[in-house]
Number of protein chains: 2
Amino acid sequence: MRPQLDPDLLSTFLAVVQGGSISAASRAVHLSQPAVTARIARLEASVGAALLVRSVRGVTPTPAGLRLAERARALERLLAEALDEVGDDDNAVGALSLAASTTIAEHVLPSLLARFRQRHPQASIELHVGNTHDIVEAVRAGAQPLGLVEGTARAAGVRLVPWLDDELVAVVGVDAPFSVKRDSDLAQVPILWREAGSGTRAVVAAALRRAGVRTRPLPHDPVLGASTAIANAAAAGLGVAFLSRWALAPLLASGRVRTLSGLSFSIRRKFQWALPAGSLTGAAARFHRLAIQQPPAPM
Amino acid sequence: MRPQLDPDLLSTFLAVVQGGSISAASRAVHLSQPAVTARIARLEASVGAALLVRSVRGVTPTPAGLRLAERARALERLLAEALDEVGDDDNAVGALSLAASTTIAEHVLPSLLARFRQRHPQASIELHVGNTHDIVEAVRAGAQPLGLVEGTARAAGVRLVPWLDDELVAVVGVDAPFSVKRDSDLAQVPILWREAGSGTRAVVAAALRRAGVRTRPLPHDPVLGASTAIANAAAAGLGVAFLSRWALAPLLASGRVRTLSGLSFSIRRKFQWALPAGSLTGAAARFHRLAIQQPPAPM
DNA sequence: AATGGGCCATCAGTCAGACGGATAGACTGG
DNA sequence: CCAGTCTATCCGTCTGACTGATGGCCCATT
């Protein structure tokens with residue numbers, strides 16, 4: 001039991017109010033719908049009043065719910081302030097070490113790391129790049145305090161917490177010597193694969209399989225180790241690359257590649273935190289909080 | 001994991017800062033010492049900074065800890081305000097029903113119920129008086145949403161949460177025809193017992209046994225059903241009564257009884273909430289919160 | 001009218017993690 | 001030097017929060 005007002009419940013409630021439905025909020029906060037339902041129920045129990053009017057087409061806040069939402073916003077701001085303020089002039093943050101997959105390390109983290117550096121100029125930053133499997137393993141073993149991965153590699157003692165949504169977009173060089181108008185055309189062109197063990201590779205392979213595309217025998221496809229290498233290969237007309245939306249903007253801006261628009265399927269995935277059992281500490285906790293509070297946006 | 005700042009951890013932290021030691025705080029907040037140690041560790045992990053300087057003679061807050069304590073006090077106040085405010089003008093609080101042991105019902109609850117009535121003038125109040133065992137059972141069965149008991153009667157699905165400290169004080173009528181100067185004298189005088197099933201009775205019996213007092217055969221002692229009846233019997237010189245400190249003040253003020261000072265032992269116990277599994281709802285939640293926020297004081 | 005789809009509630013099963021009790025280790029005051 | 005006090009750690013237990021599956025309800029579309 002939790003007689004106090006739980007900030008987690010409050011922020012979930014705010015997401016529900018903003019989204020207008022429990023289901024929408026559940027997607028926004030990366031929880032299952034029953035979990036959000038239960039959280040709202042807990043919150044209502046702890047304030048002792050109904051907060052939402054349920055209907056078949058979503059929910060609307062009661063007057064009490066509106067008042068609470070108002071307060072909750074103020075409280076959230078205060079909590080966040082309290083959290084930053086404590087220890088901010090204690091610049092013994094020391095060393096930040098984290099592990100991330102190549103796509104994330106190349107295209108998502110730089111702006112975040114810059115913000116972190118700005119806030120903690122003294123801290124050293126060490127970024128380990130690896131594939132999903134290795135990163136999860138490193139977190140599990142305690143070798144890394146924090147990981148960021150793409151795929152879904154389960155491991156006991158490591159929690160995967162969704163963070164950002166991503167989409168893999170098929171691109172080819174603007175003057176590639178082949179055309180892809182239908183899904184089935186993919187069977188005729190080389191696909192630029194990531195290396196074995198890559199989360200991206202697994203996701204792409206699964207999507208192609210689901211779409212019924214008989215991929216060419218893998219040994220004949222080029223296998224490249226990083227998304228930038230793949231992007232360059234695609235630009236050079238070597239084949240079709242599936243690239244994160246986060247890697248796309250500069251490439252498209254350069255005019256060297258174009259996206260394929262004829263495919264019937266889309267490949268969605270999530271960037272996820274790989275968190276060790278227990279709580280984060282020190283610089284890793286700081287960085288994690290920073291990333292959650294102000295998530296970067298693609299483009 | 002809980003990336004947000006947890007108010008439970010904050011209030012525990014405040015108790016530690018105020019008490020000057022983890023052990024003292026653990027007694028104040030009714031948790032074990034390892035639990036408080038763990039909570040502080042969790043809080044430090046979530047803010048990413050050391051909050052306390054540990055020493056063998058207690059702990060002192062670090063600068064960061066002092067800043068956090070400052071903030072925490074403000075946050076606690078805001079959270080409490082938000083809790084009250086929501087639904088306070090929604091005076092459909094309806095009916096408050098709760099069960100309490102006789103001592104609590106007679107001597108602790110009245111002031112609380114008055115405060116509750118003041119805040120929710122429309123609400124009906126229903127107070128069921130019973131002994132510890134029956135109350136716990138009623139809460140377990142869902143017949144009562146909330147119970148207040150003295151003894152320790154375990155039951156699956158009911159959590160007992162300590163609330164107030166109490167002490168049972170031995171009193172006799174001012175002109176009782178016997179004197180008790182040592183523990184052993186208790187064997188010579190009638191003891192005014194509560195009924196079987198009473199939490200108080202169990203506690204007194206256990207204390208006397210521990211003190212090595214051979215109590216007289218129970219059938220010869222008067223057995224009275226409520227603390228007021230016992231108090232009146234003691235005042236009339238019928239025997240020794242063990243009365244809650246909460247029941248003592250008006251009696252002593254009346255000059256009809258005096259406390260026994262020659263005993264070597266004291267009988268401490270706690271008043272505890274009997275909470276059903278899950279969360280409290282509605283009026284019971286309101287009342288519980290009110291009681292925790294502003295606990296009554298004896299005298 | 002019937003049907004499909006979106007939304008909320010409920011249920012069962014799983015698993016992290018919070019707590020309590022016991023104990024070790026560190027230091028202080030008598 | 002010993003007793004007492006305080007914190008940290010280990011371990012077993014158990015609560016309770018989440019997921020996934022399912023059911024019921026209502027609206028929109030055909």
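Here is the naming used below: chain letters follow the sequence lines, and residue numbers restart at 1 for every chain. None of these values were measured; they are calculated from a predicted model.
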Which residues satisfy the side chain to side chain donor-acceptor pair (under 3.5 Å) test with A/Thr62, sequence neighbours excluded?
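Here no residue qualifies.
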Output all residues satisfying side chain to side chain donor-acceptor pair (under 3.5 Å) with B/Ser26, sequence neighbours left out; order by chain, then residue number.
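For B/Ser26, no residue satisfies side chain to side chain donor-acceptor pair (under 3.5 Å) once neighbours in sequence are set aside.
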Within the structure, does a side-chain N or O atom of [X] lie under 4.0 Å from either OP1 or OP2 of [N]?
X: B/Arg54; N: D/dC6; value: no
X: A/Arg159; N: C/dG17; value: yes
X: B/Thr37; N: D/dA8; value: yes

Of the listed nucleotides (D/dC18, C/dG20, C/dA9), which one gets closest to any side-chain atom of A/Arg39?
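The answer is D/dC18, which lies nearest to the side chain.
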Closest to side chain of A/Arg42, choosing from D/dG20, D/dC18, C/dC19:
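The listed nucleotide nearest to A/Arg42's side chain is D/dC18.
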Which whole-number value in Å describes the distance from [X] [atom1] to [N] [atom2]?
X: B/Asp8; N: D/dG16; atom1: CG; atom2: C1'; value: 14 Å
X: A/Leu52; N: C/dC7; atom1: CG; atom2: P; value: 15 Å
X: B/Ile40; N: D/dA8; atom1: CD1; atom2: C1'; value: 14 Å
X: B/Leu51; N: D/dT7; atom1: CG; atom2: P; value: 15 Å
X: B/Arg140; N: D/dT15; atom1: CZ; atom2: P; value: 14 Å
X: A/Leu31; N: C/dC8; atom1: CG; atom2: C1'; value: 16 Å

Evaluate side-chain hydrogen bond (donor to acceptor under 3.5 Å, both in side chains) for B/Thr200 paired with B/Glu150, printing each intermediate quantity in order.
CA-CA 7 Å; B/Thr200 300; B/Glu150 299 151 2; 2.7 Å; yes
Distances for protein N/O vs nucleotides 25-30 of chain D N/O pairs under 3.5 angstrom?
none

Using heavy-atom distances to pick each residue's nearest nucleotide on DNA chain C, tell me which of B/Gln33 and B/Val36 is more 5'.
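That would be B/Val36.
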Have a look at A/Ser21 and say if it touches a base, only the backbone sugar-phosphate, or nothing, with a 4.0 Å heavy-atom cut-off.
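Sugar-phosphate: the residue A/Ser21, judged by heavy atoms under 4.0 Å, touches backbone atoms but no base.
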So what does B/Ala35 touch, heavy atoms closer than 4.0 Å: a base, only the sugar-phosphate, or nothing?
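Result for B/Ala35 = sugar-phosphate.
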Residues two or more places apart in sequence or in another chain: which of them pass ring pair (Phe, Tyr, Trp, His ring centres under 6.0 Å) with B/Phe13?
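So B/Phe13 forms no ring pair (Phe, Tyr, Trp, His ring centres under 6.0 Å) with any residue.
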Are there more than 12 heavy atoms of other residues, nucleotides or ligands under 6.0 Å from atom CD of A/Glu81?
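Counting neighbours around CD of A/Glu81, more than 12 heavy atoms of other residues, nucleotides or ligands fall under 6.0 Å, so yes.
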Verify, without hydrogens or angle tests, whether A/Arg269 (side chain) and A/Ser244 (backbone) share a donor-acceptor contact under 3.5 angstrom.
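Pair absent, no side-chain N/O of A/Arg269 close to backbone of A/Ser244.
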Check side-chain contact (heavy atoms from CB on, under 4.5 Å) between [X] and all other residues, then give those that pass, not counting sequence neighbours.
X: A/Pro61; answer: A/Val17, A/Leu52, A/Leu66
X: B/Ala41; answer: none
X: B/His30; answer: B/Pro162, B/Asp165, B/Lys270
X: A/Ala72; answer: A/Leu10, A/Leu14

Within residues 22-30 of chain A, which residues have any heavy atom lying less than 4.0 Å from an atom of DNA chain C?
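Those residues whose heavy atoms fall under 4.0 Å from DNA chain C, taken from residues 22-30 of chain A in numerical order, are A/Ile22, A/Ser23.
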So which pairs with a foot in residues 26-53 of chain B pass salt bridge (charged side-chain N to carboxylate O under 4.0 Å, His left out), sequence neighbours left out?
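Salt bridge (charged side-chain N to carboxylate O under 4.0 Å, His left out) check on residues 26-53 of chain B returns B/Glu44-B/Arg54.
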Under the salt bridge (Lys or Arg N to Asp or Glu O under 4.0 Å) rule, collect the residues that match up with B/Arg268, sequence neighbours excluded.
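Partners of B/Arg268 by the salt bridge (Lys or Arg N to Asp or Glu O under 4.0 Å) criterion, ordered by chain and then number, come out as B/Glu167.
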How bent is the helix from C/dA1-D/dT30 to C/dG30-D/dC1, measuring the angle between the end axes built from five pairs each, rounded to 10°?
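Result, rounded to 10 degrees: 20°.
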